[in-house]
Amino acid sequence: LRAVDADQADILAGLEPDLLAQAAAKAGAPWWHCDVADRASVEAAVDAAVGELGGLDVVVANAGIAAQLPLVGGDPEVFEQINRVNVLGAYYTLRAAGPHISHPNGYAVAVSSLGAAVSVPLMGAYSASKAAVEALGNTLRAELAPSGARVGVAYFAELDTDMTSRGFGTEAAKSIFGDGTVTKVTDLEVGINALERGIARRSRRIVAPWWVGAVLPVRSIAQPVVDRALRAKVAGVLREAIASMNPDNFLVRPHLELVERFREDQPWEDLSVGDLAALGDQVAKLPTELDPEHEDAKRFDVLVLNTQ
């Protein structure tokens, strides 16, 4: 949030008080605790900011979380929480700040993502939430136009943040993307600089890195290209992993039928990206090494002997 005055004082609001205090001290700005998934908390933070600063020029709805889950078989509570924070959080923020930025110098930024335009396996919840944020920004732009206020939508690819490192550090993600991400991770400073330029110019669209701007207009073409590229990559990673699994491993034995089936060529021919993602979720935690001395392995062997 940015105040209405010549000094353009900024304020911060969020859930992590220690980090907020550090950032606020560095910027010389006040801060408030705020849970964006709680409408009353958002309204209280915005009202406090308006009271402290005398009005608002700019609001940035930036809160977001991500987690991998398959749409079929995934935990619906994870899906709901992602959309609670990303969609409702953006809505509550823009709704509460909207009346205060409804003037000719007012400006709102809804932080969407490249994921709103191009989707990948296991990221359906995140992509859906960011597509909704894009729609919120575009709708708000039309609704605030009579006041003279402007609205921008920000689209970022993978930036070097904790959310990116946590998201692509999971076993399920590694089974699909290997040790990398969908695109090359970009320095966080690139995204911050793009956001600052966008605010200064009251831009309709903000992108980082630069090539994201070229993808957005051709999203209908980009999606099938990404699908094909990911299918080949996912299949290669999974085939290599399954081929290296030791059938004598106590964790592999209960899944031996699946492992043996996918050591043949034919089952791979008709698998979609979604099928590969589901397979990756099944085999992501199966080890490739044999460890007969592991305590769990010994207990498994005893169980097998007792049932014979």
Side-chain angles (χ1 to χ4, degrees), residues 1-66 81-103 105-113 126 129-130 132-134 136-137 139-141 144 149-156 159 161-164 166 188-189 191-200 202-203 206 208:
L1 300 174
R2 177 163 290 176
V4 180
D5 61 35
D7 295 332
Q8 292 193 344
D10 296 327
I11 70 121
L12 304 173
L15 273 179
E16 301 167 303
D18 292 339
L19 293 177
L20 283 168
Q22 293 175 14
K26 186 176 180 180
W31 63 273
W32 283 272
H33 179 273
C34 176
D35 179 359
V36 296
D38 182 340
R39 178 160 51 89
S41 177
V42 175
E43 291 173 351
V46 170
D47 289 344
V50 171
E52 175 84 11
L53 304 175
L56 298 176
D57 275 342
V58 177
V59 60
V60 178
N62 182 53
I65 59 174
Q81 179 62 10
I82 289 172
N83 282 274
R84 188 177 298 117
V85 172
N86 296 6
V87 181
L88 290 180
Y91 165 64
Y92 293 155
T93 301
L94 297 172
R95 177 182 180 276
H100 304 289
I101 62 164
S102 295
H103 54 81
N105 196 39
Y107 182 60
V109 181
V111 179
S112 181
S113 168
Y126 181 77
S129 72
K130 288 304 182 177
V133 171
E134 178 186 39
L136 288 174
T139 302
L140 186 65
R141 181 183 301 115
L144 293 188
R150 283 169 283 183
V151 177
V153 178
Y155 302 86
F156 300 137
L159 300 179
T161 64
D162 290 343
M163 187 175 75
T164 297
R166 286 196 302 265
L188 179 59
E189 187 176 355
I192 293 173
N193 291 340
L195 183 60
E196 289 181 342
R197 286 193 303 270
I199 291 173
R202 302 298 196 256
S203 299
I206 300 169

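FYI, the numbering just counts along the sequence from 1. As the structure is a computational prediction, the values presented were derived from the model and not from experiment.
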Point to revise | Worked verdict on Arg202 versus Val58 for side chain to side chain contact (heavy atoms under 4.5 Å, CB included) | key: CA-CA 9 Å; Arg202 302 298 196 256; Val58 177; 3.9 Å; yes
Review point. Checking Lys130 side chain against Val111 main chain: does a donor-acceptor pair fall under 3.5 Å?
Key: yes
Could you give the side-chain donor-acceptor pairs of residues 12-35 under 3.5 Å, partners two or more places apart or in another chain?
residue	atom	partner	partner atom	Å
Asp35	OD1	Ala37	N	3.0

Review point. Short question: side chain of Tyr107, backbone of Ile101 - any donor-acceptor pair under 3.5 Å?
Key: no
Check your understanding: Would a 4.5 Å heavy-atom cut-off, applied to side chains only, mark Val36 and Arg84 as touching?
Key -> no
Practice item. Keeping to residues at least two apart or across chains, list the side chain to side chain donor-acceptor pair (under 3.5 Å) pairs with something in residues 37-53. Key: Glu43-Arg95
Check your understanding: Okay, side chain of Thr139, backbone of Leu136: is any donor-acceptor separation there less than 3.5 Å?
Key -> no
Check your understanding: Which atom names give the shortest non-hydrogen contact between Leu94 and Ala110, and what distance separates them?
Key -> CD1-CB, 4.3 Å
Point to revise | Ser113 OG to Leu159 CG distance, which is reported to the nearest 0.5 Å | key: 9.0 Å
Practice item. Starting at CD1 of Ile199, measure out to CZ of Arg150 and round the result to the nearest 0.5 Å. Key: 13.0 Å
Practice item. Could you tell me which residues satisfy side-chain contact (heavy atoms from CB on, under 4.5 Å) with Arg141, sequence neighbours excluded, listed by chain and number? Key: Asn138, Val151, Val153, Arg204
**Study point:** Spacing of Asn105 atom CG and Leu56 atom CG [to the nearest 0.5 Å]
**Key:** 12.0 Å
Review point. Would Val109 and Val59 satisfy side chain to side chain contact (heavy atoms under 4.5 Å, CB included), going step by step from the backbone distance to the final call?
Key: CA-CA 6 Å; Val109 181; Val59 60; over 6 Å; no
Check your understanding: Which heavy atom in Gly64 sits nearest to a heavy atom in Asn86, and how many Å separate them?
Key -> CA-OD1, 3.1 Å
Exercise for review: State, to 0.1 Å, how close Ile206 and Ala194 come at their nearest heavy-atom pair, and which atoms those are.
Suggested key: CG2-O, 3.5 Å
